[in-house]
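Take a look at the structure set out below.
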There are 2 protein chains.
Amino acid sequence: MQHVSQSPISSVSSVSPWLNSDARNPIRLGNSISCSIDRKIPINAHLYLEGELQSHIFLVTSGIIGTYKLLADGRRQICRFAYPGDILGVDCAKRHLNNAEALSDSVVRSIPVSAIDKLIDSEPGFGQTLLHITAMELAGTREQLLSLGRKSASEKLATFLLSIARRSALPGNSEVLFDLPMKRCDIADYLGLTVETVSRNFTRLKVAGVIELLSSHQIKIGDIELLKALADGDDFLRLH
Amino acid sequence: MQHVSQSPISSVSSVSPWLNSDARNPIRLGNSISCSIDRKIPINAHLYLEGELQSHIFLVTSGIIGTYKLLADGRRQICRFAYPGDILGVDCAKRHLNNAEALSDSVVRSIPVSAIDKLIDSEPGFGQTLLHITAMELAGTREQLLSLGRKSASEKLATFLLSIARRSALPGNSEVLFDLPMKRCDIADYLGLTVETVSRNFTRLKVAGVIELLSSHQIKIGDIELLKALADGDDFLRLH
DNA sequence: CGTTCTCTTGAGATCCCTCAACACCTGTGG
DNA sequence: CCACAGGTGTTGAGGGATCTCAAGAGAACG
């Protein structure tokens, strides 16, 4: 591993429109589309499989959709947990390059790619919004690279819990109390671990008082500062 | 880990323009820009650092640029090796979310983001090209997630060598003979391994006859089918 | 109240990491 | 021409984090 060794080339510039295109509320994207259809996806059903022609883009309305890739022998890597408000399938390839499966009973709005084409041409700023959504997803995926490549199991789990807390805090409980809708094996396949290791690290966080498990799928953060320290790899705070 | 359990929702659609926007030759993007500047970046110099305001987009002209993220204690994850023709910095955030460093003496064309804005407005199809570039990078990053999360050290190295071979085959040698411009520690930080493990697995591939090391930075693939099998995790072919 | 799925816990094995030494290469200077 | 130093790459020995295999506890559901 290496460290920063030389000062960079840089200069300040004015704020750029495409850097800040309005993608704060992606739901808007769905609402502006006339030919969209809401569709119920029961748990374990697939939205699409790798290799299929890409016909729609999906906006998650409720539930959780997982996108994942498989190796020949069945090893699975979950790339992303898509929550309500998230967009799936802006992949710019004729065929899907991964699989998408409902990890809980879900509803998605499916938008034909032909409609996307029309919107790009007709609605100014729409293309920028798509670009922004895609770039944000790329940033999140890079964050996950760091987790998978360089963090220990407990650091991975702490990082994961914080990201889920941020996205799914129950109203009035400000990121401290939240649901964990996916199964342990899904978490394991997201973090590049086994179910057993995930479970053991939940227990470690619990006995250390960092989190409480109200049930196995409902979490209350006991010490969020400690959790953040663990996620960032401040090892001197490591649990024993 | 889980397997596909239910048939997906899908339908065939006609080919969509934005799915296939012309990004085959991204160099075109650079040439069409009037206010771009070529800049030499010596090895170990940084193009930008995490947290800096994003002022330019970069097109790599020669050399190799690595983008990476760091943890507080110095652990490093390289996200990408950018080769000539590759675009850096379409991140859609005011500030850079990672670092970019020249891993060999390099030349980049830097394009102010203000120019990008103008091009998006003025040149039809430019926005789609940017979207396509970003989506392709996302697809590659997901592929790397699979590698980092679910592949063994030897599978990771085989996968990496194949991807580099595809991109940098010397003319007339069709992907079998190629240079490996980055250092072993860069490969390690890209694959989520240590230098020692990378080196050991180079040796394993060498003694098994899968590759030849003409020098430590010049590779000749001896058995590309075996290398592909190793990369995909066909474990029954595993080296002993 | 069984059945099945999920989650947890334990014991042993294994892959990869850590620490250490050495080999190789390049440039510098004597 | 050789000595030396620093960066890089390879190899070895031992340890530890995570995996594998196995069993049992808990939860959901008919």
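Throughout, protein chains are lettered first and strands after them, A, B, ... in sequence-line order, and every chain is numbered starting at 1.
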- prompt: Base, backbone or nothing for each nucleotide of nucleotides 7-13 of chain C, written B, S, -, heavy atoms under 4.0 angstrom, 5' to 3'?
  reply: SBBBB--

What is the distance from [atom1] of [X] to [atom2] of [N], rounded to the nearest Å?
X	N	atom1	atom2	value
A/Ile43	D/dA28	CD1	P	13 Å
A/Asn44	C/dC5	CG	P	11 Å
B/Leu193	D/dT10	CG	C1'	16 Å
A/Leu191	D/dC19	CG	C1'	15 Å
A/Lys156	D/dT18	NZ	P	8 Å
B/Asn201	D/dT11	CG	P	12 Å
A/Asp189	C/dT6	CG	C1'	14 Å
A/Asp186	C/dC5	CG	P	15 Å

query: Yes or no on side chain to side chain donor-acceptor pair (under 3.5 Å) for B/Lys40 and B/Ser106, after CA distance, side-chain angles and deciding distance?
result: CA-CA 6 Å; B/Lys40 287 190 180 183; B/Ser106 304; over 6 Å; no

message: If you apply the rule side-chain contact (heavy atoms from CB on, under 4.5 Å), what do you find for B/Ile78 with B/Thr67, and how did you get there?
response: CA-CA 6 Å; B/Ile78 294 186; B/Thr67 67; 5.7 Å; no

- prompt: Does A/Arg80 have any salt bridge (Lys or Arg N to Asp or Glu O under 4.0 Å) partners at least two apart in sequence or in another chain, and if so, which?
  reply: A/Glu137

Pair assignment for DNA chain D - dot-bracket with | for other-strand partners, Watson-Crick or G-U under 3.5 Å: ||||||||||||||||||||||||||||||

Please list, chain by chain and in numerical order, all residues satisfying side chain to side chain contact (heavy atoms under 4.5 Å, CB included) with [X], sequence neighbours excluded.
X	value
B/Ala135	A/Cys92, A/Thr134
A/Ile224	A/Leu162, A/Ile221, A/Lys228
B/Thr197	B/Ala153, B/Leu193, B/Thr194, B/Asn201

query: Does the side chain of A/Asp91 come within less than 4.5 Å of A/His96's, by heavy atoms?
result: yes

message: Please determine whether a side-chain nitrogen of the Lys or Arg among A/Arg75 and B/Glu155 lies less than 4.0 Å from a carboxylate oxygen of the Asp or Glu.
response: yes

message: Can you classify the ring geometry of A/Tyr48 versus A/Phe58 as parallel (below 30°), tilted (30 to 60°) or perpendicular (above 60°)?
response: parallel

